[in-house]
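All remarks here apply to the structure that follows.
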Number of protein chains: 2
Amino acid sequence: MPSSTVENYLKHILLLSEGAQDLVSMGELAAALAVVPGTATTMIKALAREGYVAHQPRQGVSLTPSGRTVALSVLRKHRLVETFLVNVLKMDWASVHAEAEQLEHAISDEVLDRLDALLGYPATDPHGDPIPSRKGKLNFQVYASLATCALKQPLRIVRITEQTAEFLQFADQNNLLPGSTLSVTGRNLTAGLATIKTAGTRAQALSITAAGKILVEPLRR
Amino acid sequence: MPSSTVENYLKHILLLSEGAQDLVSMGELAAALAVVPGTATTMIKALAREGYVAHQPRQGVSLTPSGRTVALSVLRKHRLVETFLVNVLKMDWASVHAEAEQLEHAISDEVLDRLDALLGYPATDPHGDPIPSRKGKLNFQVYASLATCALKQPLRIVRITEQTAEFLQFADQNNLLPGSTLSVTGRNLTAGLATIKTAGTRAQALSITAAGKILVEPLRR
DNA sequence: CGCGCTATTTTGAGTAGTCAAAATAATTTA
DNA sequence: TAAATTATTTTGACTACTCAAAATAGCGCG
Ligand SMILES: [Mn+2]
Ligand SMILES: [Mn+2]
Ligand SMILES: [Mn+2]
Ligand SMILES: [Mn+2]
C-alpha cells in the first residue's frame, strides 16, 4: 500500500495536470507539496522505480495508469469526505479542505462506499469539484469563468477552483457559491477588474484574478 | 503534535494499565503494538524525554498527566468513530476496530465534537467500552464476567473486552451483544467450561477464557 | 557562439521509526 | 548461592522522507 506521502504526491500530480498539458514540472509539484525541489526530484525517481509515474528528466513527470488509479482513489476520498463534512456535519465549507487532506489517507474503500450511499452518490463536492467515480472516471468539463464569460448574460456558478480558506470565506460572504446565479455587467482589463451583479445584492467589483477562479455556465431554460 | 506512532504507544499504555497496576512492561507493550521489545524500549526512552511517560528501567512504564491526556483523546476518537461506523454507516461491529485504528489519528477535535453531537453523546461504544469525555474523564467501572458472576442469576451483557474480528463475530452469531440478557446455568472449572442460557435459544457451552471476556451486570428491576 | 540566468538534479546530512542480534540484568531453579 | 532461564536494553544497520547547498543542464540573449 502506498504511504500517505506517496498518495499526496500522486494526487497533486493529477491535480496539476488537470486540463493542462501532461507534464508537471518539479517546481510546481514541489510548491504544491510544500517541499524543496530537490526533495521532489528524489521522491519522483523513487515513484518512477515503483511504476507510479513516468519521469522525463528536466522536463517533468506524468502519471502511469497505476499511479493515476491511486491518485483518483485519493481524490475521490478527499471530495466525498468534504461533502460529508459539509452536508452531514454542517461544517464550514472553508475549513473542510484541511480536514479532508488528512482523512483521505485514513478512510477505507468500504467506509467510502457507505459514505457515498449516505450522501446519495453526489457528482460534485461542496466547491463544485467533480467526484471521481468508483471505477475511476473523472468527469472533466471545461467551463468559462467570471473572467472569460460573455457579458450581461445570466449565469450559474458551478465551481470554485481554489481551496484556501481565505478565498472560500470571501466567496461565501459575497454569496458566490456553486448554484448562485449572477451576471457580469462589465470588465476592465486595464484596471484588472470585473463588475458583477448577483440576484438580491447590488453590483460589486472583483479582481480579474479572483474572477478567474469562479467557474460558471450560462443559465439555460 | 504527536505523530500517530506516538499516539498508538500512549493509547496502548493506557489500555494495558486499565484496572491493573500502573506499570506496563516492555514485553506486553511491544506485543500490543506488534514491534520487537527493543523497539519499544527505544521509543519509550524518547517518550520519556518528551514528558509523555515515566520509565522505570527494567520495571515498566506509566503515563504522565500529559501522556494520559493524549491517550484519552485518542481513545475517545477511536470509540466515537466506532460508534459512528456502526450506528450511522451500519457497518459490521467486528470490522470497525481496524477502521478506527487509522481514523483515530486523522480526525480533528472539531469533527469529533460534531460526530459526538450527531450520535447523541453516547457513553459507550458498540462493544460497551466507555467513551472518555471531552474533558478526559474515563468512566471506569468494575464488572463481573460470565466466568466470575453468580450462577443462575438474570444478567445483562454490558461489555465485550476483546477487539479481534473473530471473537466479535463469534459473539454476534451467538447473540452475545451488549444489551442481551442471559444467565450462567453452570460452570466446570476443571473442564474449563461455562454453560449459558440466553432468552430465545437453548443452553450452550463456552470456554472459561471466552466467558471471561464478556462482562455482565445483574439484571435489576 | 558563448555567457548568464533559472530550474533541476546531486550530494551530504539529519530525523523518525524499525529490526536482528548481542549484551546485560533480574529472577527462578537447583 | 551458583547456574540457568527470561526479560530488557544496547548496538549497529536499514528504510522513508526531508533540507541545505553545490553541481549541472538547458535555455535565451547579445
Ligand atoms: Mn493529503
Ligand atoms: Mn473540494
Ligand atoms: Mn491507531
Ligand atoms: Mn470498541
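Proteins get letters first, then strands, A, B, ... in listed order; numbering begins at 1 in each. Excluded from the calculations below are hydrogen atoms, water molecules and symmetry mates; all remaining heavy atoms, backbone and side chain alike, are included.
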What pairs meet the ring pair (Phe, Tyr, Trp, His ring centres under 6.0 Å) rule with one or both residues in residues 99-135 of chain A, with sequence neighbours excluded?
-> A:Trp93-A:His127

Are any non-hydrogen side-chain atoms of A:Asp129 and A:Glu18 less than 4.5 angstrom apart?
-> no

Please output the side-chain donor-acceptor pairs of residues 28-51 of chain B that fall under 3.5 Å, not counting sequence neighbours, one pair per line with the distance.
from	atom 1	to	atom 2	distance (Å)
B:Glu28	OE2	B:Ser25	N	3.2
B:Thr41	OG1	B:Pro37	O	3.2
B:Thr42	OG1	B:Gly38	O	2.8

Separation between CG (A:Asn188) and CD1 (A:Ile208), nearest 0.5 Å, reads 8.0 Å

Value in whole Å for how far the P atom of D:dC17 lies from NE2 of A:His105 | 12 Å

Backbone N/O of B:Leu176 and side chain of B:Asn174: donor-acceptor pair under 3.5 Å = no

Members of residues 11-18 of chain B that approach DNA chain C, where some heavy atom sits under 4.0 Å away = none

Answer yes or no: is there a donor N or O on one side and an acceptor on the other, between the side chain of A:Arg79 and the main chain of A:Pro130, under 3.5 Å?
-> yes

Mind checking side-chain hydrogen bond (donor to acceptor under 3.5 Å, both in side chains) for A:Gln169 and listing every partner two or more places apart, or none if nothing turns up?
-> none

Hey, can you pull the residues of residues 24-35 of chain A with a non-hydrogen atom under 4.0 angstrom from DNA chain C?
-> A:Ser25, A:Met26, A:Gly27

Distance below 4.0 Å between A:Tyr9 side-chain N/O and D:dT18 OP1 or OP2 = yes

Where along residues 36-48 of chain B does a heavy atom come under 4.0 Å from DNA chain C, residue by residue in number order?
-> B:Val36, B:Thr39, B:Met43

For B:Arg58, which residues count as a side-chain contact (heavy atoms from CB on, under 4.5 Å) partner, sequence neighbours excluded?
-> none

Under 3.5 Å side-chain donor-acceptor pair for A:Glu162 and A:Thr164 = yes

Does B:Arg159 reach the side chain of B:Gln141, with side-chain heavy atoms less than 4.5 Å apart?
-> no

Sorted by first residue and then second, give each ring pair (Phe, Tyr, Trp, His ring centres under 6.0 Å) pair with at least one member in residues 65-84 of chain A; sequence neighbours left out.
-> A:His78-A:His97, A:Phe84-B:Phe84

Go through the structure and list residues passing side-chain hydrogen bond (donor to acceptor under 3.5 Å, both in side chains) with B:Thr209, not counting sequence neighbours.
-> none

If we only count heavy atoms from C-beta on, is the B:Leu155 to B:Cys149 side-chain gap below 4.5 Å?
-> yes

For chain A, the stretch of DNA chain C it reaches, first to last nucleotide, under 4.0 Å of its heavy atoms | C:dA7 to C:dT10

Report yes if some heavy atom in the side chain of A:Lys11 is under 4.5 Å from a heavy atom in the side chain of A:Glu101; otherwise report no.
-> yes

Among residues two or more places apart or on two chains, list those pairs meeting ring pair (Phe, Tyr, Trp, His ring centres under 6.0 Å) that have a residue in residues 25-53 of chain B.
-> none

Check each residue of residues 52-70 of chain B for a non-hydrogen atom within less than 4.0 Å of any atom in DNA chain D, then write out the ones that pass by number, or none.
-> B:His55, B:Pro57, B:Arg58

